[in-house]
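Here's the structure, in structure tokens; my notes come after.
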Amino acid sequence: MKIIYGIKEIRDLSKSLNMGFVPTMGALHKGHISLIEKSLEENEETVVSIFINPTQFSPGEDYIHYPKTLEQDLEILKKLNVTAVFVPRSDEIYPSDFDITLGVPSLENLLCGVTRPGHFRGVCLILMILLNLLKPQRLYLGRKDFQQLTIIQKMCKDLLIDTEVIGCPIFRDLDGLPLSSRLAYLDSSLRSAVSLFPKALSAIIQSIDNGNQDSVYLKENFTSLIQREESPFYEILYADFYDKETLQPIDDVKKSIFCAALMVKTLEKSVRLIDNIPFEISSYYPQSEKNILLKCIES
Ligand code: PAF
């Protein structure tokens, strides 16, 4: 496995590769590994990047304290047999005279964008830079960050980027919570308190499967299940049924994706947890995604 730090070297390497690309900020977990394994299956070569992107952190967020586990990450990637890992230097990505903004105005200020001003602009920027450098055939992103995925698909479509953007299934922990590098911030009592989140999501699935399609009732039920144990430790940032392309709330639950975010407050920091469940079953959103969540909750 090649470890590449410089822009010139990654440009030279990527010219010769037909590749799948998995961008990360490190602190790799099984969710990342599932994206990398999908890329390894579908491409001759796979390149992974590790870069804690400063422009996507809003003021007051955890940029400085974001978990840094480069050595362990490199060990994991070596075992997976990826072709190369790109670990760029911040001053090469964002030189002091850097002066470009990018965004998708109709999608970036909704859902998580309401409480993370500028976040999605930073994500667009770094992914555009990395796509320009690597020119991959396929880009792999997790469907947990559904808004991020939707925005990047739209950016690539509108800018005629010749890369297929592939959304990969959510990788869930045993209690049903999606894996995330920031889960490490929660102590065991908060971790067990927030396991109400996947339980409340699975209650929506069960109600819809039993024929209830009243979006107002379903949302209220979700909220009351999460707040059942009146907790000062977290608040619901949003929870609604959305159109998959416009991210606008819709009433037709069968055509929607339900997306929700919780802000969990620990002594030192606030941790955002996001999750979603699609209700229009297709080859892109197979029934198995719902079943995996239901199974976690039952066991
Ligand atoms: O999802 C993430 O980890 C980041 O937003 C990404 C896509 C690596 C861009 O920095």
Side-chain angles (χ1 to χ4, degrees), residues 4 10 19-36 38-39 46-58 61-70 72-74 76-77 82 84-90 92-94 98 100-104 107-108 111-113 115-134 136 138-156 159 161 163-171 177-185 259 261 271-276:
I4 297 178
I10 195 72
M19 73 167 100
F21 171 47
V22 184
T24 79
M25 299 209 296
L28 300 183
H29 52 65
K30 287 183 185 156
H32 295 113
I33 293 173
S34 70
L35 304 186
I36 296 167
K38 188 154 170 59
S39 172
T46 289
V47 175
V48 175
S49 65
I50 298 182
F51 180 63
I52 304 178
N53 173 37
T55 59
Q56 71 186 76
F57 288 79
S58 306
E61 287 192 333
D62 55 346
Y63 174 59
I64 302 293
H65 300 289
Y66 195 82
K68 294 170 191 72
T69 55
L70 186 60
Q72 284 129 269
D73 293 346
L74 294 177
I76 295 174
L77 295 173
V82 306
V85 51
F86 179 41
V87 191
R89 290 203 319 265
S90 194
E92 272 211 295
I93 296 288
Y94 297 120
F98 188 90
I100 289 286
T101 51
L102 260 183
V104 183
L107 301 175
E108 70 191 30
L111 290 88
C112 282
T115 45
R116 298 189 88 180
H119 166 70
F120 291 109
R121 295 195 157 212
V123 175
C124 286
L125 212 47
I126 188 61
L127 285 182
M128 195 62 229
I129 294 168
L130 293 170
L131 291 176
N132 261 336
L133 283 172
L134 277 87
R138 300 188 186 86
L139 164 69
Y140 294 84
L141 294 172
R143 289 210 282 263
K144 173 176 76 84
D145 295 283
F146 184 73
Q147 186 174 13
Q148 166 171 284
L149 173 66
T150 309
I151 286 176
I152 298 307
Q153 281 172 330
K154 178 83 173 119
M155 176 185 85
C156 288
L159 293 178
I161 306 296
T163 295
E164 188 185 351
V165 184
I166 300 183
C168 303
I170 296 177
F171 195 96
L177 267 180
L179 286 192
S180 145
S181 306
R182 290 183 171 106
L183 276 183
Y185 294 152
C259 301
V271 183
R272 177 186 303 263
L273 300 181
I274 54 177
D275 203 344
N276 63 71

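Small disclaimer: the values here were computed from a predicted structure and weren't measured. Numbering of ligands and ligand atoms starts at 1, following listing order.
- Those atoms of ligand 1 that come under 4.0 Å of a heavy atom in Q56, given as number and element, are 4 (C), 5 (O), 9 (C), 10 (O).
- Summary of contacts: the protein heavy atom closest to atom 2 (C) of ligand 1 is Q148 NE2, 4.0 Å.
- Between the side chain of T163 and the backbone N or O of R138 there is no donor-acceptor pair closer than 3.5 Å.
- Heavy atoms of other residues, nucleotides or ligands lying less than 6.0 angstrom from NZ of K30 number 12 at most.
- For ligand 1 and I126, the ligand atoms under 4.0 Å from any heavy atom of the residue are 9 (C), 10 (O).
- Looking only at protein heavy atoms, the nearest one to atom 3 (O) of ligand 1 is M25 CG, 3.9 Å.
- Judged by distance alone, with hydrogens and angles left aside, the side-chain atoms of D275 form no donor-acceptor pair with the main-chain N or O of C259 at under 3.5 Å.
- Of the N or O atoms in N53, none lie within a sub-3.5 Å distance of an N or O in ligand 1.
- Side-chain contact annotation: Y66 with N53, donor-acceptor N/O pair under 3.5 Å absent.
- Of the possible polar contacts, one joining the S181 side chain to the A27 backbone as a donor-acceptor pair under 3.5 Å is found.
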